[in-house]
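Below is one structure; the comments refer to it alone.
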Amino acid sequence: MMDNLYFDSLTLFHDPALRLLYHRWRGTYNSHLFQPAVRHIQSLLEQRNVEYWIVDLNGLPNLGLEDQFWISAEVLPQVAQLPHLRQLALVLSSNVYNQLAAESILHLGNRHLQFEVQFFSDTASAFDWLINPTLESATPAQLLAEQASLRPVA
């Protein structure tokens, strides 16, 4: 049974049986909204002993540079210390700016990460990967190529 957790700027779902947390941004973006939301996610990851984490970038407006640096310098090193976190599935949106920002954040924070990270083009595939660890996932470059091929040609 999934819990529908509440936080103004986030859609959050937690499944205690699967030890899974899913979140997606909703509404407008600014640092005064974003940073408390990220801190809330951090506390959920810790308090609920989350092993499987789905971050859905759909709905997130362009992430500011200061917040990108804050995540890679402060948030990722703390999240990386969580002993129970095993896998992060990152659902990329069609927003190329945020795709590049996510890759940059993970690249800068990579030395801290103790868990596996994979990129997906949709939530269902991300969920399948977490539940079925034998499934292959795509790289960000493969996802960009796939999205480009799906766009109608004018």
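Quick note: numbers below take in every heavy atom, side chains included, and nothing from hydrogens, waters or symmetry partners.
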inquiry  = Measuring from atom CD of Q81 to atom CD of Q114, what distance do you get when rounded to the nearest 0.5 angstrom?
reply    = 9.0 Å
query = Should F127 and Y22 count as side-chain neighbours, where that means a heavy-atom distance under 4.5 Å?
reply = no
inquiry  = Please evaluate residues F115 and V79 with respect to the criterion side-chain contact (heavy atoms from CB on, under 4.5 Å), reporting the C-alpha separation (whole Å), side-chain torsions for both, the decisive distance (0.1 Å), and the verdict.
reply    = CA-CA 10 Å; F115 49 85; V79 168; 4.0 Å; yes
query = When you measure from the side chain of Y29 to the backbone N and O of G64, does any donor-acceptor pair fall under 3.5 Å?
reply = yes
message = As a test of understanding, state which of V91, L10, D56, L60 forms a side-chain contact (heavy atoms from CB on, under 4.5 Å) with R24.
response = D56
Reported CG-to-CD distance for the pair L88 and E51, which is rounded to 0.5 angstrom = 14.0 Å
key: Which residues share a side chain to side chain donor-acceptor pair (under 3.5 Å) with S104, sequence neighbours left out   = none
query = Shortest non-hydrogen contact from L63 to Y97?
reply = O-OH, 3.0 Å
task = Taking all heavy atoms of W53 and all of L85, pick out the closest pair and write down the distance.
result = CE3-CD2, 3.8 Å
request  = For the pair L130 and F120, evaluate side-chain contact (heavy atoms from CB on, under 4.5 Å) and give the outcome as yes or no after the intermediate values.
outcome  = CA-CA 11 Å; L130 294 176; F120 297 89; over 6 Å; no
query = Do you know which two heavy atoms are closest between S31 and D67, and how far apart they sit?
reply = OG-OD2, 2.7 Å
query = After noting the C-alpha distance and the side-chain angles of T11 and H23, does the key distance pass the side-chain contact (heavy atoms from CB on, under 4.5 Å) rule?
reply = CA-CA 5 Å; T11 298; H23 62 86; over 6 Å; no
query = Can you name the closest pair of heavy atoms from L33 and T28 and give their distance?
reply = CD1-O, 3.6 Å
message = Hydrophobic cluster membership, with links at side-chain heavy-atom distances under 4.5 Å among I/L/V/M/F/W/Y: are F13 and L20 in one?
response = yes
key: Those residues that, when tested against N30, pass side chain to side chain donor-acceptor pair (under 3.5 Å) (two or more places apart)   = none
ask   = Between H14 (side chain) and L21 (backbone), is there a donor-acceptor pair under 3.5 Å?
value = no
key: Shared hydrophobic cluster for L100 and F69 (ILVMFWY, side-chain gaps under 4.5 Å)   = no
inquiry  = Show, in sequence, the C-alpha distance, side-chain angles and deciding distance for F119 and Q99, and conclude whether the side-chain contact (heavy atoms from CB on, under 4.5 Å) test is met.
reply    = CA-CA 10 Å; F119 297 87; Q99 287 183 19; over 6 Å; no
key: Neighbour count >12 (heavy atoms, 6.0 Å) for atom CD, E66   = no
task = Can you see which heavy atom on S72 is nearest to which on P77, and at what distance?
result = O-CD, 3.5 Å
request  = Starting at CD of Q78, measure out to CG of L45 and round the result to the nearest 0.5 Å.
outcome  = 11.5 Å
task = Look at the side chain of R19 and the backbone N and O of N49, then say whether any donor-acceptor pair between them is shorter than 3.5 Å.
result = yes
key: Non-hydrogen side-chain atoms of I71 and L108 separated by less than 4.5 Å   = no
task = Fit a plane to each ring of F34 and W70, take the angle between them on a 0 to 90° scale, and name the class: parallel (under 30°), tilted (30 to 60°) or perpendicular (over 60°).
result = perpendicular
request  = Please name the pair of heavy atoms, one in R26 and one in D8, separated by the smallest distance, quoted to 0.1 Å.
outcome  = NE-O, 3.1 Å
query = Nearest 0.5 Å, what's the CG-CD distance between L76 and Q42?
reply = 9.0 Å
